[in-house]
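Presented below is the structure to which this report refers.
Everything numeric in this text was worked out from a predicted model, so none of it was measured.
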Amino acid sequence: MNNIEVDARQITSMFADLTSRQQRQVYRSALRKGAGILVGETKRQLRQTLGRAASSRNWWNGKTLISGIKANADRNGEKAKVHIMGDFRLKFFEMGTRVRRTTGSNTASVRGRNPIRRQRAAANRGSINAVHFFRTAKANKEREIFDNMDNLISQSIQRIANRNRR
C-alpha cells in the first residue's frame, strides 16, 4: 500500500484498543480474505479443467458452474469454510461418476381394447472422469494461506483501527 512499516508491538496495542466486536471483525475479515484466496484458485483450476463450460450458464436457472464455489466465515471469526456444493454438479466433476446406463423398459399404450407393447432399449448415459480441481486447489494454496494469515490479520487490524480514528 503506502510502504508503512509497523512492528508487532504496535499491532498488538492497536488490537488491544479495539472492542471485542471489532476484534471479532478483524479475525473474520482475515479469514474471509484467506478463504477468498482458495476460492480464486479453485475457480482457476475449474476453468483450466473444464474450459468454457465452467462459465457458461445452465438452461434451468442461468447459473454458471463457477458460481457454485462458495466461502463463508462464521460470526465469531473462528473458522472459514470453502465448499463446492453451491452447485450440485460440481461434485460430479470433483469425484467423478461410474458408468451410468438405464435399464430397458416395457411401455404399453392402450388403443381400444388391445394394448400395444413396445420394448424400449437400454441407453448408455456415460461417465464423468474425476478431475479433482478442488483437491488440487487446496493442495496448491493451503501453505500460502496459512503463511499469510498473520499478515492478513495485521492488515485487518490496521484497516479497522484506521477506520476508528476518523
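- Taking the side chain as every heavy atom from C-beta outward, R24 and N76 approach each other to under 4.5 Å.
- Heavy atoms of other residues, nucleotides or ligands lying less than 6.0 angstrom from CH2 of W59 number 12 at most.
- Side-chain contact between K91 and M85 is present, with heavy atoms from C-beta onward closer than 4.5 Å.
- Annotation: the span from I157 atom CD1 to D17 atom CG amounts to 11.0 Å, rounded to 0.5 Å.
- What you find for A71 and V82 is that their closest heavy atoms are CB-CG2, 3.9 Å.
- Take E94 and apply the side-chain hydrogen bond (donor to acceptor under 3.5 Å, both in side chains) test, not counting sequence neighbours, and it matches no residue.
- Across all non-hydrogen atoms, the minimal contact from S55 to T64 is O-CG2, 3.3 Å.
- Between A54 and R47 the shortest heavy-atom distance is CB-CA, 4.2 Å.
- For Y27 and F15, the ring centers are positioned less than 6.0 Å apart.
- We find the CD-OG1 distance between Q10 and T12 to be 9.0 Å, quoted to the nearest 0.5 Å.
- Screening I66, I37, I69 for a side-chain contact (heavy atoms from CB on, under 4.5 Å) involving T42 leaves a single residue, I69.
- Inter-residue side-chain proximity for T136 and T49 is flagged as unmet; no heavy-atom pair is nearer than 4.5 Å.
- A 6.0 Å sphere centred on CZ of R135 holds no more than 12 heavy atoms belonging to other residues, nucleotides or ligands.
- At least one side-chain heavy atom of K33 sits less than 4.5 Å from a side-chain heavy atom of Q155.
- Taken together through direct or relayed side-chain contacts under 4.5 Å among Ile, Leu, Val, Met, Phe, Trp and Tyr, L65 and F88 form part of one hydrophobic cluster.
- Note: R89 CZ to N58 CG = 4.5 Å, rounded to the nearest 0.5 Å.
- Closest approach of G77 to L31, counting heavy atoms only: O-CD1, 3.4 Å.
- In this structure the side chain of L18 never reaches within 4.5 angstrom of the side chain of Q25, judged on heavy atoms.
- Rounding to the nearest 0.5 Å places CG of L46 at 11.5 Å from CZ of R44.
- Listed by chain and number, the residues in a side-chain hydrogen bond (donor to acceptor under 3.5 Å, both in side chains) with R159 are S29 (sequence neighbours excluded).
- M149 and G34 make their closest contact through CE-CA, 4.5 Å (heavy atoms, listed as atom of the first residue, atom of the second, distance).
- To the nearest 0.5 angstrom, I145 atom CD1 is 9.0 Å from L152 atom CG.
- Hydrophobic clustering (side-chain heavy atoms under 4.5 Å, transitive across Ile, Leu, Val, Met, Phe, Trp, Tyr) groups V131 together with F92.
- Residue K63 places its NZ atom among 12 or fewer non-hydrogen atoms of other residues, nucleotides or ligands, all under 6.0 Å distant.
- No side-chain donor-acceptor contact under 3.5 Å links E144 to the backbone of K141.
- Residue R28 holds its CZ atom at 10.0 Å from CZ of R21, rounded to the nearest 0.5 Å.
- By the 4.5 Å heavy-atom criterion applied to side chains, I84 and F93 are not counted as neighbours.
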Next on the checklist: Is there a side-chain contact (heavy atoms from CB on, under 4.5 Å) between I128 and M95? Walk through the geometry before answering.
Outcome noted: CA-CA 9 Å; I128 299 173; M95 296 169 31; over 6 Å; no

